[in-house]
Visitor: 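Can you keep this structure in mind? I'll have questions shortly.
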There are 2 protein chains.
Amino acid sequence: MRSGASLSWPPATTSTQGVLMSGIDEVARRAGVSTATVSRALSGRGYVSDATRLKVAEAAAELDYVVSSNASSLASGRTRNVGVVVPSLNHWFFASVIEGAESALLRQGYDLTLYNLTGGGDERKSVFDHFLLRQRVDAVIAIGLELTEEEVSSLHAMGKPLIGVGGPIAGVFSLIMDDVAVTRLATEHLLGLGHTRIAHIGGDKEFDLDFHLPTSRRSGYEAALRDAGVPLDEALFRPADFTLPGGYEAAKQLLGSPHNRPTAIVASSDEMAIGSILAARDLGLSVPQDVSVVGIDDHQLAAFFGLTTVAQFPRRQGEHAVEALMQLLEPAADAPQSADVPLPYELIVRSSTARAPQ
Amino acid sequence: MRSGASLSWPPATTSTQGVLMSGIDEVARRAGVSTATVSRALSGRGYVSDATRLKVAEAAAELDYVVSSNASSLASGRTRNVGVVVPSLNHWFFASVIEGAESALLRQGYDLTLYNLTGGGDERKSVFDHFLLRQRVDAVIAIGLELTEEEVSSLHAMGKPLIGVGGPIAGVFSLIMDDVAVTRLATEHLLGLGHTRIAHIGGDKEFDLDFHLPTSRRSGYEAALRDAGVPLDEALFRPADFTLPGGYEAAKQLLGSPHNRPTAIVASSDEMAIGSILAARDLGLSVPQDVSVVGIDDHQLAAFFGLTTVAQFPRRQGEHAVEALMQLLEPAADAPQSADVPLPYELIVRSSTARAPQ
DNA sequence: GTGAAAGCGCTAACAG
DNA sequence: CTGTTAGCGCTTTCAC
């Protein structure tokens, strides 16, 4: 159970602090300047001569000085920390957005504190009523979450920037994909290969409550068919829950239908698309000879399954959210780019799609 | 791109803080006591009469008072925040441990700040040299990471408790599975079904550098065979990288061998086991009639694939780590349980294993 | 049990 | 460009 170390800690001394914590005044003394100058030199805000800045930097390095973020935050009102709220961690999309945000924040010297709402209602309430309000974060990023007006306005009242990723939040700046266009592209790929009986596995109502993502994607699919003059067929739509097993079930139904079996499937997520591929196999149908499958995401397993998909680059979305935040948080920044560019997406053709049979 | 809200924030006023931030003195005034009493009443440390405590709680509630964690941390030296360092988020095991830790911490009123090292060497250095030292965390949990002596000792010097999960760290208290026993159990399950040509897909050297996990698992496999009097066969071992594609490749080699094809496979992870199942299918072999497969993890997809596996409950490991930490961080705690209990594991039999053929 | 007062370690005016 | 001087909002001795 343990690797030879005892649980008690610190080893022997019970000093509250570690031993070698040098403070700003030690650095000041060593560099022969005032603490104010040290602060300015190290933080970069305010005028300091290059010579002084160098001396200070040296002194700080020699002493292994690291600012106390608490003292700094208390004095300045800025924490250099952002809160990230997610519904769950065990999802490729959320995890990827967080990874992107985390590395972008790290680069800026910011910390990321994570609030995972998997637990349920109580957790959510305490996060918004308590945790996010204790002056520990400068801003919050909400991923794949629809916030209530109350939640938005309490953050709002604290003067904390809030940015949404993966779904629009009423009255809040959000990064969202053009879901209509994405699904249209996937569908057009299939139409271009000569398919006309194209099924769609979309999200079910439950998901729609949050973001209308299922609806948007479905309308992209329908628009593509309409433009191509292909009649819509209710029987070719199946709702599912975005997971692999869900996609499997839905595809089984679609592909098992005795009449007019679809020759292609557009799934609203790669996991559902992979489930569809497995369902086809279990029915003895081959992909892509008998049925073509296209997903949306470019999930880590997509390549392995040879899945044709529309990539949506979630890591980049996380980075993007951070960049947008920085424009608000760091007025000094040279505003490298507006946050107003559309999120990129891209059709990646692999081996799960081919010319329509016959 | 945006949902109707402009990027500028806060809406109009440029006040650095929000509007309605009540401080401890307002609470004190309203409750008719001193700020010191409010602090004691709300934090629970120090003597306060029940009557006073109640009055204070009411006043605080009415004012929506939330302590400023920075001010509190600066004054007390405790941050009520723990740092969690992981190699990556997009892994079932890591994400699950974090989820467990996060919810346990939330329950204790602690925040979790995340340090994801996916980026590479530089990132890691700055996390350990800078981020973890700025007095923002009371302790750190390292998941699936081998820390260098330096890294351990700098945390150590700060007096910060450190606990490892998913691998032992030299000289540091760690939660680890009994990997030998786990793999032995999986192998014995197969032996009990009459299999004797049992292959093992383990981790490759790269992973062994960190935790000797591959080696431990392999020796559990070998011990089980030895005890059953089954001779070892080098040809029945294949290293892989713990991923689904990796398991697929390895299983293809194993199951494609012209002579003495194994009738069963023990994989060191569920993803590799699932890869093995897919490989068997692609070779036209059926699972479990022709070949049995058992994994280790109880990954979220295990049930869908009918995979027999040894569950290792990573969420619980995260919670467990937090409990151990709390014993150090909160002396007042009634020490409910020693951290010294072994981590639980459990064989879950599904449909990927059956009696050996013939 | 409760209040008064002295900081926690840094930043931000303000002078110079 | 740099130093002086006040705090940031709490917690915590120490008296009472």
Visitor: What's the CZ-P distance between R29(B) and dG9(D), to the nearest Å?
Guide: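 Those two atoms, CZ and P, are 13 Å apart.
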Visitor: Separation of I24(B) atom CD1 from dC8(D) atom P, in whole Å?
Guide: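 Result: 14 Å.
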Visitor: With a non-hydrogen cut-off below 4.0 angstrom, is V38(B) in contact with a base, only sugar-phosphate, or nothing?
Guide: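 If one applies the 4.0 Å heavy-atom cut-off, V38(B) turns out to touch nothing in the nucleic acid.
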Visitor: Between N116(A) (side chain only) and E99(B) (backbone N and O only), is there a donor and an acceptor less than 3.5 Å apart?
Guide: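 Not confirmed, N116(A) side chain does not pair with E99(B) backbone.
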Visitor: Is the backbone of V172(A) close enough, under 3.5 Å, to the side chain of S174(A) for a donor and an acceptor to pair up by distance?
Guide: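 Side chain of S174(A) to backbone of V172(A): a pair is present.
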Visitor: Please enumerate all residues that pass salt bridge (Lys or Arg N to Asp or Glu O under 4.0 Å) together with D25(B), with sequence neighbours excluded.
Guide: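 Applying salt bridge (Lys or Arg N to Asp or Glu O under 4.0 Å) to D25(B) gives none.
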Visitor: Within this structure, what is the CZ-to-C1' distance between R78(B) and dC10(D), rounded to whole angstrom?
Guide: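 Rounded to whole Å, this separation is 13 Å.
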Visitor: Side chain of S76(B), heavy atoms from C-beta onward: which of dT12(D), dC10(D), dT2(C) has the nearest atom to it?
Guide: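 Nearest listed nucleotide: dT12(D).
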Visitor: Is S68(A) close enough to dC10(C) that one of its side-chain N or O atoms is under 4.0 Å from OP1 or OP2 there?
Guide: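 Indeed not, no polar side-chain atom of S68(A) lies that close.
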Visitor: Examine dG3(D): is either OP1 or OP2 under 4.0 Å from a nitrogen or oxygen in the side chain of S34(A)? Give yes or no.
Guide: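 Result: yes.
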Visitor: I want to verify a distance call: between dG9(C), dT2(D), dG3(C), whose nearest atom is closest to the A71(A) side chain?
Guide: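 Nearest to the side chain of A71(A) among the choices is dG9(C).
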Visitor: Could you say whether A36(A) or D50(A) is positioned toward the 5' end of DNA chain D, judged by the nucleotide with the nearest heavy atom to each?
Guide: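 Looking at DNA chain D, the more 5' nearest nucleotide goes with D50(A).
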Visitor: Distance check needed: dT11(D) C1' versus R45(B) CZ, whole Å only.
Guide: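 Spelled out: CZ on R45(B) to C1' on dT11(D) is 9 Å.
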Visitor: Distance check needed: dG7(D) P versus L74(B) CG, whole Å only.
Guide: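 L74(B) atom CG is separated from dG7(D) atom P by 17 Å.
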Visitor: So does S72(B) get a side-chain nitrogen or oxygen closer than 4.0 Å to the phosphate oxygens (OP1/OP2) of dC10(D)?
Guide: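 Answer is no, no contact under 4.0 Å.
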Visitor: Nearest 0.5 angstrom please: T118(A) OG1 to F94(A) CZ, how far?
Guide: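 Spacing of OG1 (T118(A)) from CZ (F94(A)) equals 9.0 Å.
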Visitor: Which value, rounded to the nearest 0.5 Å, describes the distance between L114(A) atom CG and D111(B) atom CG?
Guide: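 Taking CG in L114(A) and CG in D111(B), the distance rounds to 10.0 Å.
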Visitor: Let me know the distance between CG of N70(B) and P of dT11(D), rounded to the nearest Å.
Guide: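 About 12 Å, once rounded to whole Å.
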Visitor: Give one of base, sugar-phosphate or nothing for S49(A), where a contact means two heavy atoms less than 4.0 Å apart.
Guide: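 S49(A): backbone/sugar contact only, no base atoms under 4.0 Å.
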Visitor: Taking atom C1' of dG9(C) as reference, at what distance in whole Å does atom CD of E26(A) sit?
Guide: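 Answer to the nearest Å: 12 Å.
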Visitor: Expressed as a whole number of angstroms, how long is the span from Y65(A):OH to dG9(C):C1'?
Guide: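 Going from OH in Y65(A) over to C1' in dG9(C) covers 7 Å.
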Visitor: Just call it for T52(B): base, sugar-phosphate, or nothing, with non-hydrogen atoms closer than 4.0 Å on any strand.
Guide: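 Sugar-phosphate: the residue T52(B), judged by heavy atoms under 4.0 Å, touches backbone atoms but no base.
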Visitor: Counting any heavy atom closer than 4.0 Å, what does R40(A) reach on the DNA or RNA strands: base, sugar-phosphate only, or nothing?
Guide: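 Base contact - R40(A) has a heavy atom under 4.0 Å of at least one base atom.
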